[in-house]
Amino acid sequence: MNRLDISLIRDLPPFVGMEVVDLQNILAQATAHRHEKGTTIFSESEKANYFYLLLDGHIRVVKINQNGEQMIARYISAGESYGIAKAIGRDTYPANAVAAVDCLSLAWPTKIWDDIILQHPNFATNSYQTVGKRLFETQERMLELATAKVEQRVANVILKLANQTGKKTEEGILIDFPISRQDISEMTGTTLHTVSRLMSAWEDKGWVKSGRQKIVLVEGHKLMLVATNAAD
DNA sequence: CCATTAAAGGATT
DNA sequence: AATCCTTTAATGG
C-alpha cells in the first residue's frame, strides 16, 4: 500500500532494534518532503505540526536573537531526526531549520507522536538517546565557548564537520556541503573576518584548502594540535 | 588576542 | 548588474 520501503529507515539511529512490522507501520504513516536549498523548513516558536527524518542532505539548525544575529546550533545529517519537539516536551519548534542543500525528508504529523512512542518502545528509547546526545554535545560546546580560544574553536568545528560529513578526495577530506566563513563564525562565536584570517593562515601552511563556501581538510593532525593545545 | 570598520575584488545568479 | 562571499589592512579594546 505504501511506496516507501523499510530499507530506507531500517538501519538509521531512530529505528535501531525495531521489528519489520513496526517499521512498516511507522513508515506507512510518513510522507516524503523535498526542501530546496536555502528554504526554511520550520521556524522557532512555530507550532510543531510535523517531526522529520532526514534521508538526504544537510540541515542547519539556527537560533536568532532580538538583534537578528544568528547562531548555528548544529547541523543535521542524513539519518537523523529533527523537529522532534515532543521529545523535549514542547509543542513548538525550538529553533529554525534551514536546508543547507537540497534535502529529502520523511515527515510524520506530531499528533501521532504519542501513539508511536506508546506502541514502539524502541523508538522511544532511541529518541531520548538522541535528545541526550544532543544535550551532551551542546554542553561540550558551551564549555568550549567559555574556555577555548577562537583559534581552537574554529579548528574544532572544521575537524568535527570533516568527521561528520567528510568526503575523501585527492586533496583531502572535503566538507560535503557549501559552508561559508560566516557559517563557521556563527558556529564558533566569532566573526567571519577572524575565520577568514585563520583559514588563510592555515592554507599558507598547507593544512587546509579552501575556496568560496568550500573547505578541504588536508592535514587533520595539524588542526588537532591547534584544537587541543591551549599554548601558543 | 580578538572585534570592528572599511575597502576592494572575485564569484554567482 | 546586483548580490553574496572572501580577503586584507588599519584601528582600538
Side-chain angles (χ1 to χ4, degrees), chain A residues 33-44 56-77 95-104 137-232:
Chain A
H33 293 226
R34 294 193 164 282
H35 301 284
E36 204 183 323
K37 175 182 174 180
T39 56
T40 297
I41 299 166
F42 54 72
S43 303
E44 176 163 2
D56 188 48
H58 295 279
I59 288 168
R60 250 197 321 270
V61 179
V62 180
K63 297 282 283 184
I64 303 181
N65 71 7
Q66 294 78 4
N67 248 334
E69 294 164 321
Q70 299 194 0
M71 173 190 168
I72 298 178
R74 64 171 61 262
Y75 275 91
I76 302 291
S77 303
N96 297 8
V98 180
V101 294
D102 289 346
C103 289
L104 177 61
E137 286 168 5
T138 303
Q139 289 177 160
E140 289 222 304
R141 281 193 60 202
M142 282 186 55
L143 179 65
E144 196 183 81
L145 275 171
T147 62
K149 293 185 302 183
V150 168
E151 195 185 27
Q152 303 174 264
R153 307 204 298 267
V154 174
N156 226 297
V157 270
I158 292 174
L159 287 168
K160 258 193 246 169
L161 289 172
N163 257 325
Q164 232 179 65
T165 78
K167 217 175 92 185
K168 283 206 182 74
T169 68
E170 314 83 52
E171 302 188 304
I173 302 170
L174 169 72
I175 294 176
D176 204 19
F177 55 86
I179 184 156
S180 68
R181 316 283 139 146
Q182 174 86 50
D183 293 332
I184 301 282
S185 71
E186 286 177 13
M187 281 185 274
T188 51
T190 182
T191 63
L192 73 162
H193 306 113
T194 298
V195 174
S196 178
R197 281 189 288 265
L198 286 171
M199 302 262 296
S200 297
W202 293 338
E203 176 134 26
D204 288 345
K205 295 180 183 176
W207 299 353
V208 301
K209 290 208 86 177
S210 67
R212 189 190 171 88
Q213 299 196 120
K214 186 188 117 185
I215 300 173
V216 180
L217 182 58
V218 182
E219 304 262 13
H221 53 287
K222 294 286 189 186
L223 277 200
M224 286 274 294
L225 289 178
V226 176
T228 47
N229 254 350
D232 293 345

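To find a chain, count down the sequence lines: A is the first, B the second, and so on, and within it residues start at 1.
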Would you say [X] places a side-chain N or O within less than 4.0 Å of OP1 or OP2 belonging to [N]?
| X | N | result |
| --- | --- | --- |
| A/T194 | B/dA3 | yes |
| A/R181 | C/dT6 | yes |
| A/T190 | B/dA3 | yes |
| A/S200 | C/dT8 | yes |

A/S180 near the nucleic acid: base, sugar-phosphate alone, or nothing, with a heavy-atom cut-off under 4.0 Å?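 Touches sugar-phosphate only.
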Using a cut-off of 4.0 Å on non-hydrogen atoms, how would the nucleic acid contact of A/T191 be classed: base, sugar-phosphate, or nothing?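 Base, at least one base atom sits under 4.0 Å.
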Distance check needed: [N] [atom2] versus [X] [atom1], whole Å only.
| X | N | atom1 | atom2 | answer |
| --- | --- | --- | --- | --- |
| A/Q182 | C/dT3 | CD | P | 17 Å |
| A/M199 | C/dT7 | CE | C1' | 12 Å |
| A/E186 | C/dT6 | CD | P | 12 Å |
| A/K209 | C/dT6 | NZ | P | 16 Å |
| A/D183 | C/dC4 | CG | P | 14 Å |
| A/I179 | C/dC5 | CD1 | C1' | 13 Å |
| A/L192 | C/dT6 | CG | C1' | 8 Å |
| A/Q213 | C/dT3 | CD | C1' | 12 Å |

Can you work out whether A/R197 or A/G211 has the more 5'-proximal nearest nucleotide on DNA chain C?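 Going by which nucleotide is closer to the 5' end, it is A/G211.
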A/I215 vs A/M199, test: side chain to side chain contact (heavy atoms under 4.5 Å, CB included). Steps then yes/no. CA-CA 9 Å; A/I215 300 173; A/M199 302 262 296; 3.7 Å; yes
Distance check, rounded to the nearest 0.5 Å: A/T169 atom OG1 versus A/L174 atom CG?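 Result: 6.0 Å between the selected atoms.
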Where do A/A95 and A/V62 come nearest, in terms of heavy atoms and distance?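 In terms of heavy atoms, the two residues are closest at CB-O, 3.6 Å.
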If you look at every heavy atom in A/R181 and A/S210, which pair is closest and at what distance?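 Heavy-atom minimum between the residues: NH2-OG, 3.3 Å.
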Return the 5'-most residue of the pair A/A148, A/H193 with respect to DNA chain B, ranking by each residue's nearest nucleotide.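 Comparing both residues, the 5'-ward one is A/A148.
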Should the heavy atoms of other residues, nucleotides or ligands under 6.0 Å from NZ of A/K222 be counted, would the total exceed 12?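 Open: at most 12 neighbouring heavy atoms sit under 6.0 Å from NZ of A/K222.
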B/dC2, C/dT7, B/dA11: which one has an atom nearest the side-chain heavy atoms of A/K149?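 The nucleotide sitting nearest to the side chain is B/dC2.
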